[in-house]
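Only one structure is covered here, and it is reproduced in the block below.
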There are 2 protein chains.
Amino acid sequence: MTQSRPRIVPEATVARLAVYLRVLAGLADGGRSHVSSGELAAAAGVNPAGLRKDLSYLGPCGVRGVGYSVAGLQERLSAALGVERSRACVLVGMGRLGAALADYAGFASRGFEFVGLLDADPARVGDRVSGCTVRPVEELESVVAGTQASIGVITTPAEVAQSVCDRLVAAGVRSILNFAPVALSVPAGVDVRKVDLSVELQVLAFLDQQRDGGPPPVVVPVPAGAGGAR
Amino acid sequence: MTQSRPRIVPEATVARLAVYLRVLAGLADGGRSHVSSGELAAAAGVNPAGLRKDLSYLGPCGVRGVGYSVAGLQERLSAALGVERSRACVLVGMGRLGAALADYAGFASRGFEFVGLLDADPARVGDRVSGCTVRPVEELESVVAGTQASIGVITTPAEVAQSVCDRLVAAGVRSILNFAPVALSVPAGVDVRKVDLSVELQVLAFLDQQRDGGPPPVVVPVPAGAGGAR
DNA sequence: GCGACTTTGTACCTGCGTTCACAAGCGGTT
DNA sequence: AACCGCTTGTGAACGCAGGTACAAAGTCGC
């Protein structure tokens, strides 16, 4: 029974499921056949109860008193995450970041295959990266149509990200991973995930500052006190 | 009393403040002097009320009936995020991703300067990336000590990430940005942020699969049938 | 065959983040 | 000088995610 309706899986849980799947791969390589939620949670850096709750969204998949079957869980998670079948990805913007992503082994090993690499710069067109030839961005539509790509990755400058996004969506791509520092607007039914690298560093800088100088950056003259917080 | 204590700023808010700051830079370039919360929120891709609440953590910084001064807000946010003074960063693992990050213009323009690039591979030592020479990872401690780096970026393979992390912490680094697909364990007082690229793609794959299997036509087909999994 | 131990799965609770809605404040206008 | 419209700032409700604690269930030992 394909019970696709009953439980909706929170997005935060989905992200963790992917982490569990990777940890399981390591355990399988180590020859392990079973794992407890405690051990798996420790390796994934989460709370054991939270892990069990995450897995329970897929239905009962462990054995009480024993733990989880490594192989069984791998299969369950792979099916849930849709990693069973390989997914075709198109990447637009072959700068250094784009080149790094196209060549990232972590993608290929998880069923993500870059079938199209595009760039607007004629100097980059023709380069071969990770077994794929860079093509001019004008061919975006034909590449998407010809490869049935379902995922688009945007690593262009911010100025052109929206137009590239629009073209990807028009060509039929419904999942987009955006590295450009802009908020993309897309029609309903299209999913966008944004990775903003400089934001990550700025958050760290903020935490760093909060730790060092208790006094806030506000211009108000606060005499003293104001402990470090966090 | 006069001014309340430094309110604690939620981490989710901090991340958005960084986005606002970038949007403001664009507005300033465009010659704008004032913005309303609605317009700023639209550009940042968030809810206007949420934006106002975010900014309110810094104390009142707008003018009712008018909006926010672009220059004033930029200054306020820069101070709050600790972007006023430049921050020294050390990057370990000069693979393609590491090289892309070290050369990423978005970092330098926001006050993040890579003062140390390290790699374990002798073949990469000596390379010059973005005006900095790659040095052997053995010099990690001396580089951190000599440059007073406060942020460490880890782009090594997963196997060595924890040991690199331990050495960074021991050397005095208290903020770490981790791109390796492992959960790092650090002592209290050290902040770690993790960016997991393959997880992002897997979440998209999940959403993609969920979309295909559910909403489009009518209800769920086939009430009976075998082949569990899902 | 039975008891006890182990581990899962889940219900409850707590806290946070987000959204809605409204009062307060400022500028412009008459 | 007073009114009016616009926008901010904030109080309150909602929903969600995470954590704790406990009961169900299965295995192993005797």
Side-chain angles (χ1 to χ4, degrees), chain A residues 3 6-20 24 27 32-70 72-73 76-77 80 183 199 203 206-207 218 220 229-230, chain B residues 2-5 7-20 24 27 32-70 72-73 76-77 80 183 194 199 203 206:
Chain A
Q3 297 207 148
R7 307 182 186 197
I8 66 141
V9 184
E11 209 164 294
T13 291
V14 175
R16 283 189 296 267
L17 292 181
V19 176
Y20 305 153
L24 283 170
L27 290 172
R32 296 287 302 274
S33 66
H34 285 271
V35 216
S36 70
S37 65
E39 189 178 358
L40 195 52
V46 301
N47 184 295
L51 179 142
R52 292 199 296 273
K53 181 176 285 190
D54 285 341
L55 294 181
S56 74
Y57 284 109
L58 311 179
C61 43
V63 180
R64 299 181 187 225
V66 176
Y68 299 91
S69 155
V70 172
L73 246 195
R76 205 54 127 30
L77 290 178
V199 163
V203 171
F206 173 83
L207 296 174
V218 197
V220 179
R230 248 189 98 83
Chain B
T2 54
Q3 178 73 6
S4 65
R5 281 302 165 79
R7 294 176 245 192
I8 67 129
V9 184
E11 210 165 292
T13 291
V14 175
R16 284 189 296 266
L17 293 182
V19 175
Y20 305 154
L24 284 170
L27 290 172
R32 297 287 301 273
S33 66
H34 286 270
V35 216
S36 69
S37 64
E39 188 179 358
L40 194 52
V46 301
N47 184 297
L51 180 141
R52 292 198 298 271
K53 179 163 285 193
D54 284 341
L55 295 180
S56 75
Y57 283 109
L58 310 180
C61 40
V63 180
R64 300 179 187 227
V66 176
Y68 300 91
S69 153
V70 172
L73 247 195
R76 210 48 138 15
L77 290 177
K194 181 182 172 187
V199 163
V203 171
F206 172 83

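Reminder, nothing fancy here: chain letters follow the sequence lines and each chain counts from 1. What you see is a predicted model; the values in this text were computed from it and never measured.
- The phosphate of C:dT6 (OP1 or OP2) has no side-chain N or O of A:Tyr68 nearer than 4.0 angstrom.
- The shortest distance between side-chain heavy atoms of A:Val14 and A:Tyr57 does not fall below 4.5 Å.
- In this structure a side-chain-to-backbone donor-acceptor pair under 3.5 Å is present from B:Ser36 to B:Glu39.
- Between A:Cys61 and A:Tyr68, the shortest heavy-atom contact is O-CD2, 3.5 Å.
- Nearest heavy-atom pair, A:Leu58 versus A:Ala80, reported as atom, atom and distance to 0.1 Å: CD2-CB, 3.7 Å.
- Using modelled atom types, no side-chain atom of B:Arg32 and backbone atom of B:Val70 make a donor-acceptor pair closer than 3.5 Å.
- Between B:Tyr57 atom OH and D:dG9 atom C1' there is a gap of 13 Å when expressed in whole angstrom units.
- The phosphate of C:dT18 has OP1 or OP2 within less than 4.0 Å of a side-chain N or O from B:Arg16.
- Between the P atom of C:dG15 and the CD1 atom of B:Ile8 lies a distance of 13 Å, rounded to the nearest Å.
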Just distance, no hydrogens or angles: give the donor-acceptor pairs under 3.5 Å from side chains in residues 41-53 of chain B, sequence neighbours left out.
from	atom 1	to	atom 2	distance (Å)
B:Asn47	OD1	B:Ala49	N	2.7
B:Arg52	NH1	B:Ser37	OG	3.1

Using nucleotides 27-30 of chain C, report all nitrogen or oxygen pairs with the protein that are shorter than 3.5 Å.
none

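- Side-chain contact between B:Leu27 and B:Leu40 is present, with heavy atoms from C-beta onward closer than 4.5 Å.
- Counting to the nearest Å, the C1' atom of C:dT18 and the CD atom of B:Glu11 are 17 Å from each other.
- Contact of the B:Tyr20 side chain with the B:Leu73 side chain is not registered, since no non-hydrogen atoms from C-beta on lie closer than 4.5 Å.
- A straight line from NE2 of A:His34 to P of D:dG26 spans 15 Å, rounded to a whole angstrom.
- If you check residues 36-54 of chain B against DNA chain D, the residues with a heavy atom closer than 4.0 Å are B:Ser36, B:Ser37, B:Arg52, B:Lys53, listed by number.
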